[in-house]
Each structure stands twice: as structure tokens, then as C-alpha cells.
Amino acid sequence: MSALTLYDTHSRRKRLFEPMNPERVTMYVCGPTVYSYAHIGNARPAVVFDVLSRVLRGIYGQDHVVYARNITDVDDKIIAASKETGQPISEITEKYARIYREDMGALGVRVPDIEPHATDHIGEMIDMIQVLVDEKYAYEAEGHVLFAVSTYDRYGALSRRSLEDMIAGARVEVADYKREPGDFVLWKPAADDEPGWGSPWGRGRPGWHIECSAMSEKHLGETFDIHGGGVDLVFPHHENEIAQSVCAHGGKAMANYWLHNGFLTMGAGKMSKSEGNVKLVHDLARDYPGEVLRYALLTAHYRAPLTWNGELLTKTRRSLDRIYGVLRRLADVEAVEATPPADFLEALHDDLNTPKALSALFQLTAAANKAETDAERARIKGELLAAGELVGLAQGDPDEWFGISELPDAERAEIDALIDRRNLARAEKNWDEADAVREELTARKIQVDDGPEGSTWRKLEG
Ligand code: AMP
Ligand code: ZN
């Protein structure tokens with residue numbers, strides 16, 4: 001089997017992946033802040049790292065991977081949403097955490113092994129902040145605790161920026177109580193009408209960055225294998241996570257590989273709430289099967305930008321039609337236990353090259369149609385299903401895909417026979433016969449899609 005290489009943002013190169021302990025491969029991904037619906041850009045890291053967790057399980061074993069993705073359920077934006085709507089904070093966070101789970105489920109994203117909630121880890125955050133204060137990496141000022149970036153000489157190593165650039169670029173909040181403008185908040189005071197917890201520095205709440213440092217330490221250890229998230233998190237979020245964790249842990253690395261997905265864009269701009277150009281997963285999942293959305297997200301390499309538009313979804317739906325068309329034709333063939341084909345695995349193991357892997361998967365549909373024996377078909381079907389499982393595609397019931405699972409067997413057989421007749425008539429250039437059959441299919445509300453590997457059909461609604 002080909003070795004897994006991953007592009008590490010920290011060293012800016014593709015590196016051979018070597019876990020510290022192959023029996024416990026650890027991955028942490030920054031999860032959602034739960035105060036509103038996730039857009040399809042937010043779903044990109046969820047899908048990408050879901051694929052990576054499947055690939056890791058494929059290599060190291062199902063039970064030898066620990067994947068943690070947090071839920072940020074205390075944050076300025078959540079508090080603002082609560083003030084705006086009058087809804088209690090916990091109602092908002094529980095509601096949107098549930099919706100996030102449902103939406104990601106619709107995209108075939110498996111629930112991670114651990115989903116730590118920030119509010120369940122306040123004690124761990126306070127402990128970590130206390131260590132940083134005791135060791136003079138952090139200081140208290142006016143009820144705030146701040147990390148003093150000048151105490152960590154590798155600050156900026158992940159994003160490769162100088163402190164001056166970082167401060168200028170990120171519109172760092174200037175405040176009197178900061179020693180340096182780049183110092184960032186570990187703990188801040190809470191107003192009476194805001195959620196807060198007792199601490200050595202008074203009633204308050206944690207900053208966003210300390211949440212991930214404390215939760216990853218608790219569940220994965222001081223140093224873990226992979227840390228992931230969107231590229232917008234490199235600075236300041238991940239830079240700050242590293243500073244906190246490395247300083248609290250006596251200089252030990254936080255994670256050995258740092259992975260970042262690129263942006264999903266709508267033409268010119270990144271999809272984001274502030275740009276006002278978001279497409280919510282919740283809405284998209286009503287108009288398209290979740291599998292179409294998942295496939296579309298995987299058509300670009302995870303580090304490359306991905307342009308989202310209707311054409312992409314139309315093309316993707318057609319690709320899945322072809323795959324399910326083959327699976328439907330092979331419905332009576334018993335798949336043999338198989339591993340995914342070598343070129344498919346090689347592509348995925350090469351820094352998760354999903355576009356190349358999907359094209360290898362697609363080749364199998366052509367091979368299936370050319371196969372001459374049942375043994376060959378059984379092997380190809382097995383490979384197709386095994387490859388599909390690794391990327392979370394092609395695991396459904398083909399009849400359901402084509403909306404024909406409710407049709408009685410006899411009717412399905414009749415339609416298959418009609419399509420065979422039509423294809424034969426067309427091959428013989430018997431256009432009268434071909435037209436007659438087409439009319440009959442139209443009357444039965446059957447839509448036929450012809451592809452290079454044969455025809456598939458679906459029942460139109462209504
Ligand atoms: P947020 O809830 O904004 O913190 O985002 C959750 C995750 O989605 C983070 O890992 C972000 O980096 C990622 N993300 C947000 N917008 C996009 C986008 N347009 N394309 C890709 N990833 C994004
Ligand atoms: Zn984080």
C-alpha cells in the first residue's frame with residue numbers, strides 16, 4: 001500500500017505521515033461556533049477531515065484513530081445572538097449544535113469520536129491559564145488575562161509573519177490594558193447579563209483560542225498527530241493555540257502536522273456571512289441529495305479554492321447517476337470483498353487528492369460496463385463499494401437514488417424492457433419504433449438519461 005503524505009502548513013511541504021503511536025492516531029479539528037446555520041463553506045472542513053479520518057482508519061484500523069472536533073458554545077457572537085433574539089444562550093447553542101449534526105449527517109459526515117463542548121471544559125481552561133500566569137507567559141490586567149506574545153520566541157512560525165505584519169493585518173484590538181498590541185485574551189470579564197464562571201481573576205469567560213488548547217490536551221494529550229481547520233484559522237487562531245499549548249507544556253509541540261483547507265468561493269469572494277453570499281447547507285440539502293453536495297465538495301483538492309455554483313452541482317449529479325446506474329445494473333451481482341484499486345488509494349494517500357481519486361473511482365464504472373464475466377463484475381462492484389466507502393459515496397440503494405424504490409418489481413422490469421427495446425430500435429435506426437417507446441416512457445413519467453456506459457432512468461415526480 002502506498003504511504004500517506006500530508007501537506008504540513010508548519011513546514012510548508014508535503015511530509016510522510018508518521019503517527020506517534022499507530023494504535024492511537026490523534027486528530028483535532030476546530031469545529032463550529034453554534035449560533036446559526038452552517039453554510040456550505042463551513043461544511044468543507046467537516047467533509048475534508050471526515051475523509052481524512054476514514055483514510056486514517058483504513059490504514060491504521062477502525063479503532064486506532066481518535067478524531068475530536070469541538071463545539072464552541074460560548075462566544076461573543078452567541079451572546080450577541082441571544083441579546084438580539086431574547087432566547088437563552090443554551091437554547092441557541094443546543095438548537096444549532098443539533099442542526100449542525102443533522103446537516104453534516106446529510107453530507108455523510110460521520111460524528112467524530114469525541115465532540116467536546118467548550119462549556120464542559122471551563123475548569124481545564126482555567127487550569128491552563130493559571131499555568132501560563134504562574135510561568136509568566138500571561139498577565140492579569142483589569143479582569144482580563146492576556147498572553148504576552150513577546151514571551152514566546154516562535155510566535156508567528158506557523159503563519160510565517162512578523163509580529164508587526166500580524167498586528168497590522170489582523171486589526172488586532174488595541175486596548176489600554178495590553179502590554180503589547182499583539183497580546184491576546186485568555187480570559188475576560190463577563191457582564192452580569194452574560195454567561196460567566198468564577199475564576200481566580202473574577203467572574204468571566206474564556207477567550208476562543210484557549211478553548212481548543214484545553215480541549216485538545218484533555219482528549220488527545222499535550223502533543224497529538226494532526227490539527228486541522230480552514231486556512232483562515234492559521235492566524236490568529238492556530239498561532240495562538242500553539243503559543244498557549246507549547247508554553248503550558250514546557251516547550252512540547254502541540255501537533256505534528258497542521259492541515260488547512262482552502263476557501264469555498266462564490267465567484268470572486270470567499271463564502272462568508274459578512275460577505276452576505278452564503279448558501280446554507282440546510283437549504284441546499286432540501287434541493288439536492290446530500291451526496292451530491294458531498295461529491296461536489298470533493299471535486300477540488302482540499303487546499304485549492306473551490307468555486308461553488310449550480311453547474312458544479314448539475315455535473316456532480318450526473319456523475320453520481322453514472323455510478324448508481326452501474327450499481328443498479330450490477331444489482332444481482334454479489335460483490336466480492338475487495339480493497340479499493342491501487343490508483344484510487346495512491347491518489348488519496350498523496351495529500352488527499354480527491355479529484356484524482358474520484359476519477360479513479362469513475363474509471364471503475366467504465367470497467368464495469370466492459371466486464372465480460374460475472375466474476376469480473378463481482379470484483380469491480382466490490383472495488384467500487386470499497387473505494388466509495390473511503391470517501392463516503394456510493395453506499396446508497398441505487399433504486400432509491402433513482403427514485404424508483406417504491407415501484408413494484410414487475411413495473412421496473414417492464415420499464416427496463418422498454419428501454420432495451422428503445423435502445424435496440426435506435427441501434428437498428430428504426431425511428432418509428434424508438435419514438436413509440438419513448439412516448440410510452442413519457443406517459444409513465446420515466447426520464448431516460450443516456451451515458452457512454454448505457455442508459456439510466458428515473459421516475460419523475462407528480
Ligand atoms: P466558523 O464557524 O466561521 O468558525 O467556521 C468553521 C470552519 O469553517 C472553520 O474551520 C473555517 O475555517 C471554515 N470556513 C469558513 N468559511 C469557509 C469557506 N468559505 N470556505 C472554506 N472553509 C470555510
Ligand atoms: Zn481551534
Side-chain angles (χ1 to χ4, degrees), residues 9 27-50 52 68-78 80-81 92-93 96-97 99-100 103-104 107 109 112 114-118 121 125 128 158-159 184 186 206-220 224 226-245 254-255 258-281 284 293 296-309:
T9 308
M27 174 159 84
Y28 184 93
V29 173
C30 299
T33 303
V34 282
Y35 68 103
S36 65
Y37 290 96
H39 62 67
I40 191 73
N42 299 137
R44 194 174 189 195
V47 169
V48 163
F49 291 103
D50 177 65
L52 179 55
R69 188 188 63 207
N70 71 292
I71 299 274
T72 293
D73 58 355
V74 52
D75 177 87
D76 289 347
K77 290 183 222 148
I78 301 173
I92 296 182
T93 56
Y96 288 107
I99 292 172
Y100 183 79
D103 287 349
M104 295 310 119
L107 301 186
V109 174
I114 308 173
E115 254 189 322
H117 286 54
H121 297 76
M125 295 173 206
M128 194 176 225
L158 179 72
S159 51
F184 60 88
L186 301 174
W208 172 37
H209 316 302
I210 196 75
E211 296 180 4
C212 290
S213 285
M215 289 189 278
S216 61
E217 182 208 272
K218 162 131 191 222
H219 296 286
L220 304 181
F224 50 94
I226 299 172
H227 194 316
V231 67
D232 55 332
L233 300 186
V234 173
F235 183 82
H237 186 52
H238 289 167
E239 200 73 71
N240 293 354
E241 282 187 24
I242 292 175
Q244 297 162 155
S245 294
M254 182 182 191
W258 287 82
L259 269 62
H260 294 98
N261 66 272
F263 284 135
L264 184 146
T265 65
M266 295 281 284
K270 163 197 170 189
M271 181 179 286
S272 76
K273 282 201 195 87
S274 53
E275 298 279 332
N277 61 357
V278 298
K279 292 242 180 275
L280 303 180
V281 178
L284 285 166
L293 307 174
L297 287 170
L298 296 175
T299 53
H301 187 271
Y302 75 94
R303 283 191 287 119
L306 168 65
T307 309
W308 192 261
N309 55 39

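We number each residue from 1, following the sequence as shown. Whatever order the structure lists them in is the order used to number ligands and atoms, beginning at 1. As a basis for the values below, the full set of heavy atoms in this structure was taken, side chains included, without hydrogen atoms, waters or symmetry mates.
Ring geometry, H238 versus H260: the interplanar angle falls from 30° to 60°, so the pair is classed tilted. A perpendicular orientation is assigned to the rings of Y37 and Y96, their planes being inclined by more than 60° (bins at 30° and 60°).
Within the set V29, I40, N42, the minimum heavy-atom distance to atom 6 (C) of ligand 1 is found for N42.
The side chain of N261, and not its backbone, has at least one atom closer than 4.0 Å to an atom of ligand 1 (non-hydrogen atoms only; side chain from C-beta on). Of the heavy atoms in D232, only side-chain atoms (C-beta onward) come closer than 4.0 Å to ligand 1.
In summary, H209 places no N/O/S atom under 2.8 Å from the Zn ion (ligand 2), failing the contact criterion. Contact annotation: E241 places an N, O or S atom under 2.8 Å from the Zn ion (ligand 2). With a cut-off of 2.8 Å, the Zn ion (ligand 2) has an N, O or S atom of C212 in range.
The single protein non-hydrogen atom nearest to atom 16 (N) of ligand 1 is H39 CE1, 3.5 Å, given as residue, atom name and distance. Among all protein heavy atoms, the one lying closest to atom 10 (O) of ligand 1 is G230 N, 3.1 Å. Nearest protein heavy-atom contact of atom 23 (C) of ligand 1 is G41 O, 3.3 Å.
Residue contact check for ligand 1: P45 places a non-hydrogen atom closer than 4.0 Å to it. The shortest separation from a heavy atom of G262 to ligand 1 is under 4.0 Å, placing the residue in contact. Not a single heavy atom of K273 sits closer than 4.0 Å to an atom of ligand 1.
Note that CH2 of W258 and CG of L233 are 10.0 Å apart. Values are rounded to the nearest 0.5 Å.
Considering backbone and side-chain atoms alike, F263 places every N or O at 3.5 Å or more from each N or O of ligand 1. Among the atoms of P32, none of the N or O lies under 3.5 angstrom from an N or O of ligand 1.
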Take E275 and K270 through the salt bridge (charged side-chain N to carboxylate O under 4.0 Å, His left out) test and state the conclusion after the steps.
CA-CA 8 Å; E275 298 279 332; K270 163 197 170 189; over 6 Å; no
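Each of the atoms 16 (N), 19 (N) of ligand 1 lies under 4.0 Å from some heavy atom of K270. Of all atoms in ligand 1, numbered sequentially from 1 with element shown, those under 4.0 Å from a heavy atom of L233 are 9 (C), 10 (O), 12 (O). Close approach of ligand 1 to M271 (heavy-atom distance below 4.0 Å) involves ligand atoms 16 (N), 18 (C), 19 (N).
Just one of I114, I226, L220 meets the side-chain contact (heavy atoms from CB on, under 4.5 Å) condition when paired with Y28; it is L220. Checked options T307, N277, N309; the residue passing with M266 is N277 (criterion: side-chain contact (heavy atoms from CB on, under 4.5 Å)).
Nearest N, O or S atom of H237 to the Zn ion (ligand 2): atom NE2.
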